[in-house]
Amino acid sequence: MGGCVLDLGCGNGMSSISVAAAFPKIKVHAVDCDETSMEKARVNIREAEREGTVAGEQVVPHCCLAHEANVEAVDLVLVWVALHDMHNPSHVLDTARDILRPGGAVLVLEFNSPDNFAEVASDTSEAAAPVRGQAQFCLSVSTLHCLPVAKALNPSQV
């Protein structure tokens, strides 16, 4: 039995390709509003089709916002390390929920970082050492790049 997945904020399409390769009977809609990312996704999808990693037209690219993708109801919406880049995450999640079939699910994967930079900087314990650098990097990039870019893009994610 197949199914239908919407990979929201798919970037270069590798997450969409991976899901399709792991589940050959499903169709994956790769959705991202960034044209540069979608150009890379289209190339990666064509290459995966040529290599036989995914079936032809199993992964369908859409350069738009989720509600503009002209996709009928889906069984699963994936948002992998992308929600933090979106201007209005609550609205994005509402949209994701609206396009689900009954019994469908939304799966969000984001970095696991403390809520604030002070918490990262003040935890000097040996147990915190392995993740301190990653947490500092993620919090810095999120604050200094992801959020301002998401607010400035037109159209921004709504």
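A quick note: this is a predicted structure, and the numbers were derived from the prediction, not measured. Values reported hereafter were calculated over all heavy atoms of this structure, with side chains retained and with hydrogens, waters and symmetry mates removed.
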- Per side chain to side chain contact (heavy atoms under 4.5 Å, CB included), His29 is matched among Leu8, Val60, Val5, Val59 by Val60

- Is the backbone N or O of Thr36 less than 3.5 Å from a side-chain atom of Glu39, with the two atoms forming a donor-acceptor pair by type? no

- Item | 4.5 Å side-chain heavy-atom contact, Asp75 and Leu100 | no

- Task: Return yes if some donor-acceptor pair links the side-chain N/O of Arg101 with the main-chain N/O of Val74 below 3.5 Å, else return no.
- Result: no

- Query: How long is the span from the SG atom in Cys63 to the CG atom in Asp34, to the nearest 0.5 Å?
  - Reply: 7.0 Å

- Note on the structure: Correct closest heavy-atom pair for Val54 and Ala21 would be CG1-N, 3.9 Å

- Item | Check: Gln58 side chain, Val28 main-chain N or O, donor-acceptor pair, under 3.5 Å | no

- Message: Could you walk me through whether Arg42 and Glu35 satisfy the salt bridge (charged side-chain N to carboxylate O under 4.0 Å, His left out) test, starting with their C-alpha distance in whole Å, then the side-chain angles of each, then the deciding distance to 0.1 Å, before giving a yes or no?
- Response: CA-CA 10 Å; Arg42 288 183 198 97; Glu35 183 59 45; 3.1 Å; yes

- What closest approach, in Å, do Leu65 and Cys33 show between heavy atoms, and which atom pair accounts for it? CD2-CB, 3.7 Å

- Message: To the nearest 0.5 Å, what is the distance between SG on Cys10 and NZ on Lys40?
- Response: 12.0 Å

- Query: For Glu51, does the CD atom sit with more than 12 other heavy atoms under 6.0 Å from it, leaving out its own atoms?
  - Reply: yes

- Item | Nearest-0.5 Å distance, CG of residue Leu107 to CG of residue Leu76 | 6.5 Å

- Value for OG1 (Thr53) from CG (Asn44), rounded to nearest 0.5 Å, stands at 10.5 Å

- Task: Report yes if some heavy atom in the side chain of Leu93 is under 4.5 Å from a heavy atom in the side chain of Val106; otherwise report no.
- Result: yes

- Message: Assess, by modelled atom type and distance only, whether the side chains of Asp7 and Ser15 contain a donor and an acceptor separated by less than 3.5 Å.
- Response: yes

- Are Ile99 and Val71 close enough, and set up right, to give a side chain to side chain contact (heavy atoms under 4.5 Å, CB included), and what steps lead you there? CA-CA 8 Å; Ile99 61 177; Val71 173; 5.9 Å; no

- Any donor-acceptor pair under 3.5 Å linking the side chain of Asn12 with the backbone of Ser37? no

- Message: For a salt bridge (charged side-chain N to carboxylate O under 4.0 Å, His left out) check, start with the C-alpha distance between Arg46 and Glu49, then their side-chain angles and the critical distance, and finish with the verdict.
- Response: CA-CA 5 Å; Arg46 283 192 301 273; Glu49 289 174 344; over 6 Å; no

- Distance, nearest 0.5 Å, that separates CH2 of Trp80 from OG of Ser16: 8.0 Å

- Lys27 side chain to Glu57 main-chain N or O, any donor-acceptor pair under 3.5 Å? yes

- Note on the structure: Nearest heavy-atom approach of Ala30 to Met38 is O-CE, 3.6 Å

